[in-house]
4 protein chains.
Amino acid sequence: MSLAAQQRKHSKRQQIIDAAVEVFARSGFHGSRVADVAREAEVADGTIYNYFKSKDDLLISIFEQKMGDMIQQAEEVIAPVSDPLEKLRRLACFHMDNVERHINVAKVLQVELRLSNTFMKEYEPVRLRQYMDIIGRVLEEGIASGVIRSDVSSVIVRRAFFGALDEIAMQWILTPGARYGLRESAEQIARVFVRGIQATGPRVSPSV
Amino acid sequence: MSLAAQQRKHSKRQQIIDAAVEVFARSGFHGSRVADVAREAEVADGTIYNYFKSKDDLLISIFEQKMGDMIQQAEEVIAPVSDPLEKLRRLACFHMDNVERHINVAKVLQVELRLSNTFMKEYEPVRLRQYMDIIGRVLEEGIASGVIRSDVSSVIVRRAFFGALDEIAMQWILTPGARYGLRESAEQIARVFVRGIQATGPRVSPSV
Amino acid sequence: MSLAAQQRKHSKRQQIIDAAVEVFARSGFHGSRVADVAREAEVADGTIYNYFKSKDDLLISIFEQKMGDMIQQAEEVIAPVSDPLEKLRRLACFHMDNVERHINVAKVLQVELRLSNTFMKEYEPVRLRQYMDIIGRVLEEGIASGVIRSDVSSVIVRRAFFGALDEIAMQWILTPGARYGLRESAEQIARVFVRGIQATGPRVSPSV
Amino acid sequence: MSLAAQQRKHSKRQQIIDAAVEVFARSGFHGSRVADVAREAEVADGTIYNYFKSKDDLLISIFEQKMGDMIQQAEEVIAPVSDPLEKLRRLACFHMDNVERHINVAKVLQVELRLSNTFMKEYEPVRLRQYMDIIGRVLEEGIASGVIRSDVSSVIVRRAFFGALDEIAMQWILTPGARYGLRESAEQIARVFVRGIQATGPRVSPSV
DNA sequence: AATGAATGAGGTTTCATTCAT
DNA sequence: GATGAATGAAACCTCATTCAT
């Protein structure tokens with residue numbers, strides 16, 4: 001395949017993904033017909049099946065691509081920071097900023113993905129674990145360097161941290177006129193978790 | 001309607017709900033046919049529609065009933081406790097114990113409910129908010145009494161707390177051989193949140 | 001199920017089979033939509049699936065029923081006859097009469113069945129073998145009684161006899177204005193086979 | 001067009017036909033995609049349409065070519081023989097030998113062709129008639145020369161003879177472990193037909 | 001002549017729900 | 001209230017064919 005052909009193919013695949021994000025965000029995954037995505041992408045119905053195995057595969061491909069982007073960007077966000085606790089704060093903010101800036105993508109990732117039987121029951125959400133692993137590595141780093149208490153389970157807390165962010169994001173997406181901004185929520189969650197896990201210094205030390 | 005008839009009605013309605021919990025937990029909401037529930041409940045297909053408006057209504061009714069139970073029991077769990085922070089710990093443990101003891105109910109509430117378009121998009125999950133409101137009230141109580149920092153947003157943290165528990169529970173349900181017990185997770189999450197929100201006053205030793 | 005209900009059910013099943021024979025004969029199996037059969041039978045599309053597993057199953061059910069009828073009638077046709085050679089002649093006539101009288105059924109059995117992948121590749125045509133077994137038994141009877149030569153293979157000849165009848169019938173069905181009558185063909189084929197297999201005794205001129 | 005180009009065209013056309021025979025025999029006509037044939041023939045999908053009007057046309061072209069070969073060879077097989085009855089015997093053997101030696105071709109001609117709507121309903125199988133006409137001519141020859149009874153209808157018997165051979169061949173192809181050899185079947189069928197149609201002269205014992 | 005990406009028509013089947021008994 | 005046979009809408013996906021390159 002020539003380079004031009006590759007680009008054309010890439011561009012068409014991307015064209016379909018972009019259209020699907022729009023359509024799924026607007027009508028939901030189950031509420032959208034493949035034909036709707038095709039019309040939005042300005043291709044024929046069958047063309048979608050030249051790039052994706054099934055409607056489910058299209059959804060999963062969106063997830064893979066967008067989560068891949070998030071994983072990479074999250075790594076970049078914490079790279080220049082050395083304090084693990086500050087890293088957590090930045091991750092929280094990054095997560096929420098992402099939701100806010102790419103609301104359609106967020107709608108699909110947060111809401112529609114969960115509505116797909118395939119996703120939750122047959123698809124192994126590797127990317128999701130990779131994303132949480134970033135949090136996990138920061139936690140372990142902090143434990144190793146002593147800024148995070150050693151009785152913190154990175155396995156549990158990484159998921160709890162993600163769950164907290166996720167639940168807020170979900171609510172924000174589902175509630176058109178939310179009462180709180182996502183940035184404020186990110187800061188609040190980060191503050192609670194940071195205080196909750198940080199090692200207490202020479203200051204009178206909590207015994208537990 | 002006679003009392004006996006009412007009881008019979010109640011009994012048949014409950015019979016259907018119990019059957020639906022079994023069937024939905026086993027095959028998923030979308031993977032279960034109304035006829036499957038009918039067979040499990042040992043009633044005719046049409047009979048279900050004498051008690052529930054639709055298949056979605058059946059799912060929502062399970063949610064209403066089971067969340068109603070949880071709300072009531074959660075209230076009872078924290079009633080005898082006075083320390084708001086200890087109340088949070090007990091709520092976390094109660095939540096996870098419930099998941100562990102009623103795994104089929106948990107599967108339906110945590111997993112299957114999310115697979116129903118109707119639930120997330122048209123149904124207002126009042127019970128869920130009531131459940132989180134319990135957490136919220138404890139938080140506000142703590143803020144008022146000074147054991148919780150006043151910069152804690154009860155609106156955000158109640159949802160973050162629930163999200164943390166929920167995400168762990170979801171993972172536990174979806175992963176047959178989880179590495180951590182739910183009780184341990186509950187304690188861990190409670191500890192992080194309690195430390196994260198408690199006021200650092202002249203008090204020397206936090207009790208949790 | 002009450003007797004009335006059974007009759008109703010039977011009648012509806014038969015109603016669908018009768019409609020399917022009409023429609024399949026008119027437009028071919030592949031050329032007919034399930035909806036066409038439903039309209040002809042004056043039932044809803046879905047009703048067909050209360051009685052048949054699939055469109056293929058409907059075709060096979062027609063085959064089973066009609067071949068079952070033919071098998072039974074063929075047995076009756078030869079029952080009162082004692083001469084195996086005369087039995088063969090009557091079977092040939094019976095076969096062709098059937099084609100002529102139930103041309104729509106014949107069209108489906110002879111032509112459409114062969115167009116169904118399922119039939120020829122996955123379905124074991126037991127009934128077809130049973131039908132040919134009737135011929136085979138007559139042959140063996142004749143061999144045993146000495147009126148048929150002992151070097152005749154009943155296994156081969158039964159199929160050859162059927163193939164000869166079948167090919168003529170097929171042609172007759174596919175060619176609207178056939179040059180020869182089926183009855184005449186039946187007699188001709190019977191005569192050739194009878195002469196071809198009969199033991200040559202002291203008699204010089206065969207009587208058939 | 002140069003001679004070389006003609007040969008190339010012929011070669012590519014033949015390449016596609018050969019590939020199609022393989023693929024159709026393996027997966028059936030309906031079960032094979034044009035793309036499968038293209039891959040087997042090592043050409044692009046579209047190339048097939050430079051040589052054949054449609055998928056059906058490809059099937060028909062196979063039929064035309066292979067039946068053309070058979071017709072020619074059948075003529076050659078009977079050319080050196082003078083006795084019409086012996087000619088029939090040789091035709092039967094030739095037919096079955098062909099099936100046995102070119103089983104893939106036979107699978108396509110005998111089985112797959114019948115699965116094609118087009119073939120049976122719109123295509124006039126001229127070649128098939130030509131093939132049967134060879135049998136017919138032999139019969140008429142025999143009638144004219146007196147070795148075949150004059151009450152034999154060549155129109156009917158040619159088709160019956162073919163039908164007998166065809167049915168046996170079909171069964172042999174569809175049943176992997178057939179009980180009888182095709183050569184034996186050919187001899188058996190020939191013997192029955194020859195005895196069945198030959199004039200009973202002063203001679204008492206038929207020679208075949 | 002060769003390519004292969006793009007096209008788009010077309011139909012079986014499921015299953016939630018109804019309603020006559 | 002209970003039944004369960006009948007209903008009918010709704011959409012994914014395949015694949016033969018085309019045509020710009």
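Computation of the quantities below employed the complete heavy-atom set of this structure, encompassing side-chain atoms and omitting hydrogens, waters and symmetry-equivalent molecules. Letters A, B, ... mirror the listed sequences (proteins, then strands); counts begin at 1.
A straight line from CZ of C:Phe52 to C1' of F:dA6 spans 15 Å, rounded to a whole angstrom. What separates CZ of D:Arg39 from P of E:dG4 is a distance of 12 Å, to the nearest Å. Atom CD1 of D:Ile48 and atom C1' of E:dG4 are 12 Å apart (whole Å). Rounding to whole angstrom units, CD of residue C:Glu42 and C1' of F:dA6 are separated by 15 Å. Remark: P of E:dT12 and CG of C:Leu59 are 13 Å apart, rounded to the nearest angstrom. For A:Tyr51 and F:dC13, the OH to C1' distance is 17 Å, given to the nearest whole Å. The CZ-P distance, from B:Arg13 to F:dA2, rounds to 13 Å in whole Å.
For A:Phe52, the side chain to side chain contact (heavy atoms under 4.5 Å, CB included) criterion is met by A:Arg13, A:Ile16, A:Ile17, A:Ile48, A:Asp57, A:Leu58, A:Ser61, not counting sequence neighbours. D:Asp36 pairs by the salt bridge (charged side-chain N to carboxylate O under 4.0 Å, His left out) definition with D:Arg33, D:Arg39, not counting sequence neighbours. With sequence neighbours excluded, no residue forms a salt bridge (charged side-chain N to carboxylate O under 4.0 Å, His left out) with B:Glu22. For C:Asp18, the side chain to side chain donor-acceptor pair (under 3.5 Å) partners at least two apart in sequence or on another chain are C:Gln14. Residues satisfying the side chain to side chain donor-acceptor pair (under 3.5 Å) criterion with B:Glu64, sequence neighbours excluded, are B:Tyr123, B:Arg127.
Atom CD of D:Gln110 sits about 4.5 Å away from atom CD1 of D:Ile173, to the nearest 0.5 Å. Atom OG of D:Ser54 sits about 9.5 Å away from atom CG of D:Leu59, to the nearest 0.5 Å.
Sequence order on DNA chain E of the closest nucleotides to A:Val43 and D:Val43 puts D:Val43 first from the 5' end.
Secondary-structure annotation of DNA chain F gives the stems E:2-21 with F:2-21, with a stem taken as at least 3 successive Watson-Crick or G-U pairs whose two distances both fall under 3.5 Å.
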Verdict with supporting geometry, A:Glu42 and A:Lys12, salt bridge (charged side-chain N to carboxylate O under 4.0 Å, His left out) = CA-CA 10 Å; A:Glu42 294 179 307; A:Lys12 188 143 293 189; over 6 Å; no

remark   = Expected string for nucleotides 15-21 of chain E under the B/S/- scheme (protein heavy atoms, under 4.0 Å, primed atoms plus P, OP1, OP2 as sugar-phosphate) is SSBB---

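Cation-pi check for C:Lys55 over C:Phe29 is met; the charged atom lies under 6.0 angstrom from the ring centroid and within 45 degrees of its normal.
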